[in-house]
Amino acid sequence: MSKVYITAAGKFLPNSPVDNDQMEDYLGKFNGAVSRTKNIFLRKNGIKSRYYALDKQQQTTHTAYQMAANAINDCLEKSTISSGQVDFLSAATTQSDLPVPGFASMVHGASKLERCGIASHQSVCAAGIMAIQNAYMQVRSGEMQNAICCAGELASRMFKSQRFLHQSVLQDNNLPVEIDFLRWMLSDGAGAFLLQSAPEPGRTALEIDWIDIRSYAHEYDLCMYAGGLKGNNGAVQKTWLDNNDVSEANLAGAVNLMQDMQLVDNIVKLGVRRFFELIDEKKINEKNIDWLVCHYSSHHFKPQIINLLKQGGLEIPDDKWFTNLYTKGNVGSASIFVMLEELLYSNKLKPGQKILCMVPESGRFIT
């Protein structure tokens with residue numbers, strides 16, 4: 001089994017940064033009314049700026065697969081291999097631009113890559129780790145000499161005001177909290193890694209020791225979802241494809257991206273639980289962690305993580321935490337790429353340092 005290294009990283013963040021005061025210029029207002037809840041949720045998530053692949057007419061400026069392709073090209077420009085030398089492409093997203101074909105096919109077609117193996121991964125935030133793990137195993141097994149893994153997200157188009165104006169969910173120019181919470185948190189962008197079996201001479205690289213993914217869907221109902229409506233029993237009653245037509249599904253709000261606010265805090269407990277399990281399994285030595293790159297989706301969750309770690313007798317100093325959530329926004333499955341890309345080229349890393357990455361997903365709970 002070969003060692004595997006992240007030898008280059010790239011990103012693509014569309015257009016110019018959007019600060020908190022500008023958000024409704026892009027997402028739009030409901031019947032001209034300023035949101036009464038925006039500032040409440042922004043105080044909770046702590047985000048100061050983000051990127052949208054929208055213009056002020058709420059028209060899409062880049063597709064998710066175009067952004068992922070741009071991130072791949074940025075990544076390869078920082079490497080010593082050409083686009084024609086890539087053996088494998090593993091791509092992730094929360095919601096692809098097209099239901100069919102797979103996201104990786106669209107990314108491949110939009111990129112400069114030539115013939116290669118591909119795999120598509122669709123989930124929520126954990127989809128990015130799934131894509132990295134697939135690429136990692138391809139190189140580690142020797143099946144491929146190198147692999148590109150990437151993720152692209154375009155959440156903003158799901159929250160632009162025109163989408164809700166004729167839906168029954170919009171009441172008195174307000175959205176339900178399970179939609180509104182996400183409207184002020186999610187943003188757009190893409191990231192990519194090049195994985196190789198040996199580091200490139202003279203260039204900083206990250207060796208991947210292991211990747212651990214665990215699903216808890218057998219323990220919990222849906223938390224973050226789109227394409228259906230949950231009943232009182234927590235189960236999806238009907239998916240958007242089971243409606244008589246797409247218009248009917250839209251009017252009922254079944255096409256919206258939502259998060260069950262009664263369940264979401266469970267992801268913090270699961271993430272910390274798995275953290276301590278990995279210590280017991282000898283995969284993590286908490287004393288050797290130099291950097292914690294944690295994709296907490298909102299600042300609201302960081303104090304909860306810290307408190308649960310302390311209850312377990314462990315404290316990670318704040319100067320070891322790395323995130324760019326507050327300046328780049330929550331880019332979903334692409335966040336881990338965008339964070340590691342910034343850290344990799346920050347000149348903060350030293351040889352031999354250990355980086356622990358944590359990516360929780362509240363979809364149906366994955367760590």
Side-chain angles (χ1 to χ4, degrees), residues 6 9 64 68 71 89-96 102-104 107 119-138 147-155 158 182 185-193 195 208-227 257-260 263-275 277-278 283-284 292-298 301-302 304-305 323-325 328-341 355-367:
I6 299 173
L89 168 64
S90 182
T93 190
T94 298
Q95 187 158 339
S96 184
F103 186 61
V107 174
S120 297
H121 297 272
Q122 183 268 322
S123 194
V124 194
C125 298
I129 294 291
M130 295 173 189
I132 297 169
Q133 186 183 54
N134 193 330
Y136 165 73
M137 292 306 299
Q138 295 285 343
I148 286 278
C149 48
C150 67
E153 296 284 18
L154 211 175
M158 298 191 71
L182 297 172
M185 184 173 72
L186 299 176
S187 55
D188 306 337
F193 296 156
L195 272 52
I208 301 177
D209 290 328
W210 50 266
I211 298 174
D212 178 87
I213 298 175
R214 290 292 183 271
S215 168
Y216 300 87
H218 63 301
E219 296 182 22
Y220 296 94
D221 291 326
L222 277 172
C223 180
M224 188 173 178
Y225 59 99
L257 185 62
M258 295 173 275
Q259 188 158 59
D260 190 324
L263 293 175
V264 65
D265 283 357
N266 287 302
I267 192 57
V268 176
K269 301 170 188 175
L270 286 172
V272 174
R273 185 175 100 187
R274 186 60 187 150
F275 181 89
E277 288 173 354
L278 289 166
K283 285 191 172 181
I284 293 175
L292 175 60
V293 180
C294 183
H295 171 53
Y296 48 90
S297 57
S298 168
F301 296 116
K302 184 178 179 182
Q304 296 180 37
I305 299 170
T323 184
N324 53 19
L325 170 72
K328 302 299 190 297
N330 177 353
V331 204
S333 65
S335 285
I336 193 63
F337 293 88
V338 173
M339 286 193 290
L340 271 181
E341 188 273 346
I355 304 169
L356 177 68
C357 301
M358 295 181 66
V359 180
E361 174 181 307
S362 61
R364 196 154 177 174
F365 297 102
I366 299 172
T367 64

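FYI, side chains are in, hydrogens and waters are out, and symmetry mates aren't considered; it's all heavy atoms of this structure.
Counting only heavy atoms from C-beta outward, the side chains of D221 and D260 never approach each other to under 4.5 Å. Taking 4.5 Å as the limit, every side-chain heavy atom of C223 sits out of range of all side-chain heavy atoms of I267. Side-chain contact between I336 and V293: present, with at least one pair of heavy atoms (C-beta onward) separated by less than 4.5 Å. Contact check for F301 versus D265: side-chain heavy atoms found under the 4.5 Å cut-off. Residues F193 and L340 have side chains in contact (heavy-atom distance under 4.5 Å, counting atoms from C-beta outward).
Look at R273 and E219 and you find a salt bridge, because one of the NZ, NE, NH1 or NH2 atoms lies within 4.0 Å of a carboxylate O, short of that distance.
Interatomic distance, CG of L270 versus OG of S362, reported as 11.0 Å (0.5 Å rounding). Taken to the nearest 0.5 Å, the NE2 atom of H295 stands 4.5 Å off from the CG atom of N330. In this structure, S335 OG and L325 CG are separated by 7.5 Å, a value rounded to the nearest 0.5 Å. Distance check, rounded to the nearest 0.5 Å: CZ of F365 to NZ of K269 gives 9.5 Å. Rounding to the nearest 0.5 Å gives a distance of 4.5 Å between CG of L195 and SG of C149. Remark: S90 OG to H121 NE2 distance equals 3.5 Å, nearest 0.5 Å.
Here the side chain of T367 pairs no donor or acceptor atom with the backbone of G271 at under 3.5 angstrom. When atom types are taken as modelled, the side chain of S333 and the backbone of C125 share no donor-acceptor pair closer than 3.5 angstrom. A donor-acceptor contact shorter than 3.5 Å is absent between the side chain of Q259 and the backbone of V264. The backbone N or O of A155 sits less than 3.5 Å from a side-chain atom of D188, completing a donor-acceptor pair. The closest donor-acceptor contact from the side chain of N266 to the backbone of L263 lies under 3.5 Å. Looking only at distances, a side-chain donor or acceptor of R364 sits under 3.5 Å from a matching main-chain atom of Y220.
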Evaluate the side-chain contact (heavy atoms from CB on, under 4.5 Å) criterion for residues M130 and I213: first the C-alpha distance (whole Å), next the side-chain angles of each, then the deciding distance (0.1 Å), finally the verdict. CA-CA 8 Å; M130 295 173 189; I213 298 175; 4.0 Å; yes

Apply side-chain contact (heavy atoms from CB on, under 4.5 Å) to T93 and E153, showing your working. CA-CA 6 Å; T93 190; E153 296 284 18; 3.6 Å; yes

Show the numbers, then the answer: is there a side-chain contact (heavy atoms from CB on, under 4.5 Å) between L154 and Q95? CA-CA 8 Å; L154 211 175; Q95 187 158 339; over 6 Å; no

Candidate pair I284 and W210, rule side-chain contact (heavy atoms from CB on, under 4.5 Å), full reasoning: CA-CA 10 Å; I284 293 175; W210 50 266; 3.7 Å; yes

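What you find for A68 and F103 is that their closest heavy atoms are CB-CZ, 4.2 Å. In terms of heavy-atom proximity, A127 sits nearest to E361 at N-OE1, 3.9 Å. The shortest non-hydrogen separation linking L89 to C150 is CD1-SG, 4.1 Å. Residues S123 and I366 approach most closely at OG-CD1, 3.8 Å, considering heavy atoms. When all heavy atoms of A190 and A334 are compared, the pair lying nearest together is CA-CB, 3.9 Å. When all heavy atoms of G363 and V124 are compared, the pair lying nearest together is CA-CG2, 4.0 Å.
For the 3.5 Å distance criterion, the side chains of Q122 and T94 fail to qualify, holding no donor opposite an acceptor.
Considering only residues two or more places apart in sequence or on other chains, R274 meets the salt bridge (charged side-chain N to carboxylate O under 4.0 Å, His left out) condition with D212, E277, E281.
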